[in-house]
Structures are given as C-alpha cells and as structure tokens.
Q: 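Pasting a structure here, questions to come.
Labels below follow one simple rule: chain letters A, B, ... track the order of the sequence lines, proteins then strands, and each chain is numbered from 1. In this text, all values refer to a predicted model and were calculated from it rather than measured experimentally. Atoms considered below: every heavy atom in the structure, side chains included; atoms not considered: hydrogens, waters and symmetry mates.
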There are 2 protein chains.
Amino acid sequence: MSTPGPTDSTTREQVLAVALELFTVQGYDGTSLRQIAERLGFTKAALYYHFPAKDSLVIELTRPWLDAVSNLIALSHAGDGGVAERDRLLADYLDVFISHHAVLRFLNQDAGAHKHPDVGKRAQALVEALRQALTGPDADAAARVRVACALGVIHAVAGLDPAALPEARDTVLEAACTVLHGSPPAG
Amino acid sequence: MSTPGPTDSTTREQVLAVALELFTVQGYDGTSLRQIAERLGFTKAALYYHFPAKDSLVIELTRPWLDAVSNLIALSHAGDGGVAERDRLLADYLDVFISHHAVLRFLNQDAGAHKHPDVGKRAQALVEALRQALTGPDADAAARVRVACALGVIHAVAGLDPAALPEARDTVLEAACTVLHGSPPAG
DNA sequence: GTCTATAGGCAGATAGAC
DNA sequence: GTCTATCTGCCTATAGAC
C-alpha cells in the first residue's frame, strides 16, 4: 500500500503554507498569486496546475477548521444545554481554535476572506450557531453580552505566541467560563 | 464668526462615511474608489478633489481613534501602575472603543489596513503599549495571558449591536476586570 | 509540473475642460 | 466641484510549448 493518496503532494502543501503566511500579513485581497509564486521560486502560471483559482487557496486553508467547528456544534445539539454542557462546548471550541491557530490568526482579521460565500459566510453562520448554543434559554441582555465577551476571550488566543498556547490553555478557559457565568469551568 | 472651518465640508464627510461602510464589509483592499464614487453618485476622479490618494481615506477615518488611545496611554504613564489605575485604564479604553465603534468594527478585522504604516503600525504600537501598561511588574505567564484575554473582552464589543452598547458597557467592563485580576472593577 | 506569452480587465492616479 | 478621457501598471486566468 504505497499509494500516495490525494494529500501528500509536497508542492501543494508548500503553496498552501506560503499562501497562509502572506494572507496573514497582507490579507487575502492584498496578496497576489505572483507574490506567492515568487516566494516559492516558480511562476504564477504554475500555481494553476495545483489550484484552479485563487479563492480555492482560502477554501482549502479554512475547510479543516470550518469542518471541526461544524462537528462541534452538531454534537452539542444532542445535549440538554446546561451549564456543564456549555462549558464543555466552550472548551472544545477553544481547543479547536488552538489546534487551528495559524489559520485563525489569518481568518480572524481578514475582511477579504469574510466576503467569500464558502468561507466567510459559513464561518459567520457557525459562530452565530455557537453563540446561540452558549446562550441559555433564560438569557437576558447582560447574559447575551457575556456570551460575546466569552467568545472574545477565546478569539484573543489568535494574538498569542503559538509556543505559549499549551500553557495558556487552562488560563484562557477559566477566563472564558468566568466571563460566561461567573464561576470556573464545570465538569 | 460664520467662518466655515476646515471640517464642515459635507461632501467630504459623505465620502468618509461611504468609505467606512464599504471598508467594513469588503475590506480596504477589496474596496475600489470606483465603488465609493458610484455609491455617492459621482465619478472616481471627483474623489481626488477631496482626497489626494486612497490611503488618505483610511488615515482620516482612523486618526481620531488613534489620537484618543494615544492620549489615554500618555495619561496612564503618570500613575503608579496599581490595580485601581489599571482598571481605570481598561475602562477608559473601553469607553474610547465604544465611542469609535464604527471605525473599530472595520479596523479590528482588516489586514489590509494593518499594513499601512500610519494606521496599522501605529495601532499595533499603541495596543502593545496598552498591553504593557496593563501588565503589572510582578506578572507571570498566566497574568500576561489574562491581559490578552481582558483586551479580547474589550475588542469583542466591535461585534455588538451599536444600539446595545450603552447598556452593555458595565457588563463588559466587569468581565474585563474580572478576567484581568479576578475581581470587579476597582475605583 | 513548470515554463513563456498573452489576453482581458480593473485598479489607482493625473490632465485639463467646464 | 465634478466631469471626460487617458495613462500606467498589476491583477486573475488561459493557451500551449517543453
């Protein structure tokens, strides 16, 4: 079974890595295919052998995270919506955020990517679903604000040093849960 | 004294308002001068009567907030750096964030604008200065993470409904201070 | 799998009429 | 203060050689 499979194309992964790096610094709209190709040492036309269009780069880069969050929310629908359940959802979202840190550093602050229907719109819908899952049935205005703040705490890890993330994880989770309902993580 | 002054040019303000609206949705790089002009009912060339270049739009839009934060930090340097002082800084930063909400909704998630030396770089330096002012002298790794989380709470108000901001303000401040040092706002 | 060459379009910006 | 017309350059994307 030495079959290569569809995901071990080294060049393809190099393209995605360089694209992510440039997208993160310059934004999606601010990065040209010529820049990506130059960084890799070949020409812009060669990119079109690996990817059919520019937006397929951002689609491929973000799909793993989008799928992970999608699964997260689907699973949470099975529960009762109690505090322990919401804390678990928050923790799972944080862990997904950490393990996809590089992509989120880009996605979190790129209005250009948010325009894309298969990326920005889907991400928007998922975060909205998450927001609703975290908002208890007895939520007043202040509680809804606290949900937004708790998500803000999670999103803040996009700005942290990746090397510090494993150590920071529990501190962030405690902060998020405390913001959400005034007490440390349950469960 | 019926002198008009330099700031009552209606057309100029309309241009800035439309630019901010489009920048917020599409990003700076994703918005063309043609789009801005079309929305206003005149041509792209007319914009150049009011503004010398595209980037002057983003400079004018963001300068008020940048100046406000700059003042904030300058004032905080006079204090002793105690907890009450840090809470006051957090509150002041939140209030500036709220009163410049529209600009921050844009600036907070636009990598294109962050590239600009007079905007993104300056904003980066200011937030870094704020981060340092909020980090106490006896700060360990966890404390530094909590500073980042507290700022994340403030930044989350960029995603809130503007109409809800006055009511949300105290809830957000309490969340930010609790994240920072485990207790409600001092002072 | 990468290349050269090029099509076709739209960007930011300028000149000068009105 | 706004217009038309135009310049220059870079963009995405394609065609076809190697």
Q: Regarding Y93(A) and H155(A), do their side chains bring together a donor and an acceptor under 3.5 Å, going by distance alone?
A: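 Side chains of Y93(A) and H155(A): pair found under 3.5 Å.
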
Q: For I36(B) and dG12(C), give me the distance from atom CD1 to atom C1', rounded to whole Å.
A: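 The answer, rounded to whole Å, is 12 Å.
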
Q: Regarding F42(B), tell me which of base, sugar-phosphate or nothing describes its non-hydrogen contacts under 4.0 Å with the strands shown.
A: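 Counting heavy atoms under 4.0 Å across all strands, the contact made by F42(B) is with sugar-phosphate only.
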
Q: Looking at Y48(A), I'd like to know whether one of its side-chain N or O atoms comes within less than 4.0 Å of OP1 or OP2 on dA13(D).
A: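 For dA13(D), OP1/OP2 do have a side-chain N/O of Y48(A) under 4.0 Å.
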
Q: Rounded to the Å, how far apart are Q14(B) CD and dT2(D) C1'?
A: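 From Q14(B) CD to dT2(D) C1': 14 Å.
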
Q: In whole angstroms, how far is the P atom of dT2(D) from the CD atom of E38(B)?
A: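 Taking atom P of dT2(D) as the reference, CD of E38(B) is at 16 Å.
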
Q: Look up atom OG1 in T11(A) and atom NE2 in H50(A), then write down how far apart they are to the nearest 0.5 Å.
A: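 Reported to 0.5 Å precision, the distance equals 5.0 Å.
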
Q: So, does R34(B) get its side chain near the phosphate of dC10(C), meaning an N or O under 4.0 Å from OP1 or OP2?
A: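 For R34(B), the contact criterion (side-chain N or O under 4.0 Å from OP1 or OP2 of dC10(C)) is not met.
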
Q: Rounded to the nearest 0.5 Å, what separation is found between the CG atom of L90(B) and the CG atom of L130(B)?
A: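 One finds 7.5 Å between CG of L90(B) and CG of L130(B).
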
Q: L47(A) CG to dT12(D) P: how many Å, rounded?
A: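 For the pair L47(A) CG and dT12(D) P, the rounded distance is 10 Å.
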
Q: Could you check how far CG of L40(A) sits from P of dG1(C), rounded to whole Å?
A: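 From L40(A) CG to dG1(C) P: 15 Å.
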
Q: Between P on dT2(D) and CZ on F51(B), what's the gap in Å once rounded to a whole number?
A: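 To the nearest whole Å, that distance equals 12 Å.
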
Q: In terms of side-chain heavy atoms of K54(A), which of dT2(D), dT2(C), dA13(D) is nearest?
A: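 When the side chain of K54(A) is considered, dA13(D) is the closest of dT2(D), dT2(C), dA13(D).
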
Q: With nearest nucleotides of DNA chain D determined for Q35(A) and Y49(B) from heavy-atom distances, which residue corresponds to the more 5′ nucleotide?
A: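 That would be Y49(B).
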
Q: By nearest heavy atom, map A45(B) and L33(A) onto DNA chain D; which one lands nearer the 5' end?
A: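 It is A45(B), whose closest nucleotide lies nearer the 5' terminus.
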
Q: Just to confirm, is there a sub-4.0 Å distance from OP1 or OP2 of dT2(D) to any side-chain nitrogen or oxygen of T43(B)?
A: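 For dT2(D), neither OP1 nor OP2 has a side-chain N or O of T43(B) closer than 4.0 Å.
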
Q: Does a side-chain N or O from S32(B) land closer than 4.0 Å to OP1 or OP2 of dC10(C), or not?
A: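 Checking dC10(C) against S32(B), no side-chain N or O comes under 4.0 Å of OP1 or OP2.
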
Q: If the threshold is 4.0 Å, N to carboxylate O, is there a salt bridge linking R122(B) and D67(B)?
A: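 Result for this pair is yes, salt bridge flagged.
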
Q: Quick one: L57(B) CG to dA13(C) C1', roughly how many Å, whole number?
A: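 Checked: the CG to C1' distance equals 13 Å.
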
Q: Tell me: CG of D29(B) to P of dC10(D), nearest whole Å?
A: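 Interatomic distance, CG of D29(B) to P of dC10(D): 15 Å.
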
Q: Hey, mind stepping through E128(A) and Q132(A) against side chain to side chain donor-acceptor pair (under 3.5 Å) and telling me if it holds?
A: CA-CA 6 Å; E128(A) 171 61 20; Q132(A) 288 193 1; 3.2 Å; yes

